[in-house]
Each structure stands twice: as structure tokens, then as C-alpha cells.
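Report on one structure; see the data block that follows.
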Protein chains: 2
Amino acid sequence: MTRKAFQRLSEDTRRTSLLEATLACVADLGLNGASARRIAERADVSAGLLRHYFPSKDQMIRDSYAYLIGQLTGDAARAADQKDATPEAALAGFITGNVTPPNLSSLKLSLWATFIGRVRADPAFADIHRDSYREFLEILEGLIHPVLLAQGRPTDPASCQRLAIAVNGIIDGLWLEGSIEHGLYNPNGLTEIALSACEGIIRLPETTLTRHLAPRTKRT
Amino acid sequence: MTRKAFQRLSEDTRRTSLLEATLACVADLGLNGASARRIAERADVSAGLLRHYFPSKDQMIRDSYAYLIGQLTGDAARAADQKDATPEAALAGFITGNVTPPNLSSLKLSLWATFIGRVRADPAFADIHRDSYREFLEILEGLIHPVLLAQGRPTDPASCQRLAIAVNGIIDGLWLEGSIEHGLYNPNGLTEIALSACEGIIRLPETTLTRHLAPRTKRT
DNA sequence: AACGTTGTTGTACGACTGTAAAACAAATAG
DNA sequence: CTATTTGTTTTACAGTCGTACAACAACGTT
């Protein structure tokens, strides 16, 4: 009996590797099939090691949820960060970034949904969700406010929040439908639908957002 | 050792009871904790009985998903079925029905999300989802079309579908956010936000839909 | 009232679960 | 080169899992 050869990794590297293996297993097998042994196997590591990095399997799952959420909101926020952009272009970029890859992804949707399903019964998941949702809303309000200002529209906090909630709603909804590969329509047109819908929700003049629609990549 | 007294129920009654016990367990404990024994206990039945009604636990879970979806779309469609309603009132009723109880429910959201998380990896779940989604879209197109007609607007299938996709998106998104009890805002205002947003998305004149907002029930 | 059908219970089994803890070896320091 | 630390593997264990099946009892039939 010869032991398996192994490498000692830095805490961060190993931890991240374990979290990603956890997410991969949850996406493929669900919370049900994502057992400690299977996660360890996916990370090419023995099962006992998990407990060296996480106090329990439940905690590891929770940490992997926080890790995923960090990726999602990070990618979305980055999409709005364009240099020298008008307020309209920044908003359009944020919306677009949320309904196109890498955020538009059936894998990420699977994970997100699986975890959202635990929010009601598990306070730890609820905390993570609430924080990320609040952050998303704040980003959106911060993007909508200057657009209203530039259009000479009222910018009281109540209207701003209502618009942010609505825009957040349609972003979530279209992201959801577009990420599930149901084959019922072409997700390439999703960006235009999203921009046009947000124009309508905020009552912006036509083409205020849709003019920032990136030309579709041609396919032969 | 005396055996437990029991009653023989009709196939439908027992089957429904088992499906509801399954949903209750999944909502509380997740797909992880919803074991056959726990489901049986919730249905006040021995564990062995499950296999008498379902060929496997997996199939029972799938059936419970279809059962849930049937409830959701059924309730939603019923909300749009108002006698002698104008096209605008019917559409407003459908939208409202989707962002108010009983459809607005953290329990139903939990279940829905948990199952959606399996759509990507399990073809059986994907089939159920696709069918229900298509049905939802068709209902929506059927409600939007007469509204466009009454407003003297173009009603080509492509525009109709685009609008249905967008409206479906915001309904899903707002239902989602409203059902999670995050405590970040009052879900009572959700109906107005939804109706107003849909007005904007479809480019209807102001108050076309919001005038059908039911007066809020007063609280002391 | 006795019978037959079958919905329902109880038990058993091997596989798998999360976790604990001892044995080991890879990297680091001296 | 040796000693030390500790990340990693291995083994072990009690509990739970989904499932199979035999025993049983509730109900419909006669």
C-alpha cells in the first residue's frame, strides 16, 4: 500500500480549489449528490482534507455560495465600468453585461437557483442573499440617478428606488430565462429586448439605451 | 408489538398527499434533507408505502415538481380570467396575480428555485420547465395581442413575442424579489411597480394598466 | 360471516453519508 | 543533513440513505 503523492498548496489556493470543486459538484449533482467524497475527488484531494479547511460540510457549501455571488456581482459591476462613458452608456453597459456571457450561463443559473432555494429555511443563506441583493440595487440606483439627471427628470429617492426595483426585476427575469437553455427563442436578441424594456420602464426617449447596443457578432 | 392503525385511501388522494408531503419537506430541508423516511413521516405513512406509488424516489421528486408547476400556472391563469373585462383589465389582472399571494409566496419560491437548479443537469426537469414556460409565454402573448389591437398598434408575431418575453421577464423578476422575504422594501407596492413597468415596456399611455390597480387593503 | 384482494406496515440489507482521529510525508528551518 | 511543523492521506465508525420483500390488516365482494 503506497500512499498517494501530494503537494502542499497555500491556504488560499487550496481553499479556492475546494470551493470551485464544490460548485462544480453542486451544479452537476445538486445539493443532494454533492457529497464530501465526491467534492474531494473532483478537487483531486482526499475526503479528510475538507475538514481541515472547513468546520463542516454545511459551512463549506455556504462559503461556496458567497464565493459564487462575489463572482456574479463582480462581473456585473465591471461591465458598467467604462471609461469616459455617458450615464446612458454606463447603464446600458450594466444591463448588457447581465444578459450576456459570462453572466448569462446555465451553470451559474443552476448554482444560483439551488442556493436561492435554501434562503427561506437557512438564515446563513438569507444573509448572503440579502447583502448581495442590496448591493445590486445600490449599483443600479447609482446608475439610474445620473441618467434621470441628464434627462432633466425628477430624482427623488422614492422614484429612484422604484425604478431600480423594476429594472432589477427585468434584469433578473431576462437573465433567468436567457440562461436556461430552453431552446424556445434565440438568446442573442436578449440584449435588445432588455435595453428596449428598460427604456420603457424608465420612460426614456427611444434609442437612449438601445443606441448603445453592440453590433452583433457575425456568424457564417 | 402492535402495528400502526391505518386507512386505505383512494389512489388520487394518497398520491396527492404524498406529493404535498414531498414539497413540504423539500421546502424546509432542501433536496438534501428530504429523505424518503422524512417525507413518509410528514405524510403520516410508513416509508415502504412510497415505493407503492412511485417507482423511485427520484421519480417522486420529479412528479412533485410537475405538481407544483401546475399549481403556479393554474393560479396565474385564473387571475386573468375576469368576466366582461377589457383587454387591458385582463392583462393587468394577470400581472397582478403573479406578484400577489398566493403566487407571491416564499415557500413556492423556495420550491421553484430548488427545482430550477436541477433543470440543467436533469432532462426530466428540463422537459417540465420548458413546457410550463412555453405555456406561460403563450398566455402572455394571448393577453398582450388584444391590448395592442385595441390601441391601434402593430401586432406582428415578432413584436408580440418580444413584448411577451420582456413582460414575462419582469413578472418573473418581481415575483422572485417579492417572494423572498428580504425585508429591504415593502412588497405591497410591488403591484404598482409591476403595472407601471409593463406600461412602459409595451409603450402604453400612462394609467392604461395602473388604473386597474386594486385599492390597497387598509391596515390599522 | 368468510373470503380474496391489495393497500399498508415493518424489517432487513448493502451502499453511502459526514465526521473524527491516527499515521504519514512534504516542505521549511536550523 | 536533521529536526520540526503541519498539510494531507488513510482508516474507522455510527448513522442514514434508497430500496426489496414478507407479513399483515382493511376493505369490497359474495
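FYI, side chains are in, hydrogens and waters are out, and symmetry mates aren't considered; it's all heavy atoms of this structure.
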Report the distance from atom [atom1] of [X] to atom [atom2] of [N], rounded to the nearest whole Å.
| X | N | atom1 | atom2 | answer |
| --- | --- | --- | --- | --- |
| K4(A) | dT10(D) | NZ | P | 8 Å |
| Q7(B) | dG28(D) | CD | C1' | 15 Å |
| N32(A) | dT17(C) | CG | C1' | 11 Å |
| I39(B) | dG18(D) | CD1 | P | 8 Å |
| F6(A) | dT9(D) | CZ | C1' | 7 Å |
| L49(A) | dT8(D) | CG | P | 5 Å |
| R15(A) | dT8(D) | CZ | P | 12 Å |
| L31(B) | dG18(D) | CG | P | 11 Å |

Presence of [X] side-chain N/O under 4.0 Å of [N] phosphate oxygens OP1/OP2:
| X | N | answer |
| --- | --- | --- |
| S46(A) | dT10(D) | no |
| Y53(A) | dG7(D) | no |
| R51(A) | dG18(C) | no |
| H52(B) | dG7(C) | yes |
| R38(B) | dC17(D) | yes |

Between G48(B) and L9(A), which has a closest nucleotide on DNA chain D that is more 5'?
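The 5'-side residue here is L9(A).
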Using heavy-atom distances to pick each residue's nearest nucleotide on DNA chain D, tell me which of R8(A) and V45(A) is more 5'.
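Closer to the 5' end of DNA chain D: R8(A).
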salt_bridge(R42(A), D28(A)) N-O dist < 4.0 Å:
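So R42(A) pairs with D28(A) through a salt bridge.
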Heavy atoms from other residues, nucleotides or ligands near CD of Q59(B) exceed 12 (cutoff 6.0 Å):
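More than 12 heavy atoms, drawn from other residues, nucleotides or ligands, come within 6.0 Å of this atom.
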Counting only heavy atoms not in D127(A) (residues, nucleotides, ligands), do more than 12 fall under 6.0 Å from its CG?
yes
By side chain to side chain donor-acceptor pair (under 3.5 Å), Y53(A) pairs with (sequence neighbours left out) none
Kindly say whether, by distance alone, the side chain of R3(B) makes a donor-acceptor pair under 3.5 Å with the base of dT9(C)?
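Under the 3.5 Å cut-off, the side chain and the base do form a donor-acceptor pair.
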I'd like to know if R37(B) reaches the base of dT16(D) with its side chain, counting only an N/O donor and acceptor under 3.5 Å.
no
Per-pair distances, 0.1 Å, donor-acceptor, side chain in residues 133-146 of chain A, under 3.5 Å, sequence neighbours excluded:
residue, atom, partner, partner atom, Å
Y133(A), OH, N168(A), ND2, 3.4
Y133(A), OH, E177(B), OE1, 2.7
Y133(A), OH, Y185(B), OH, 3.4

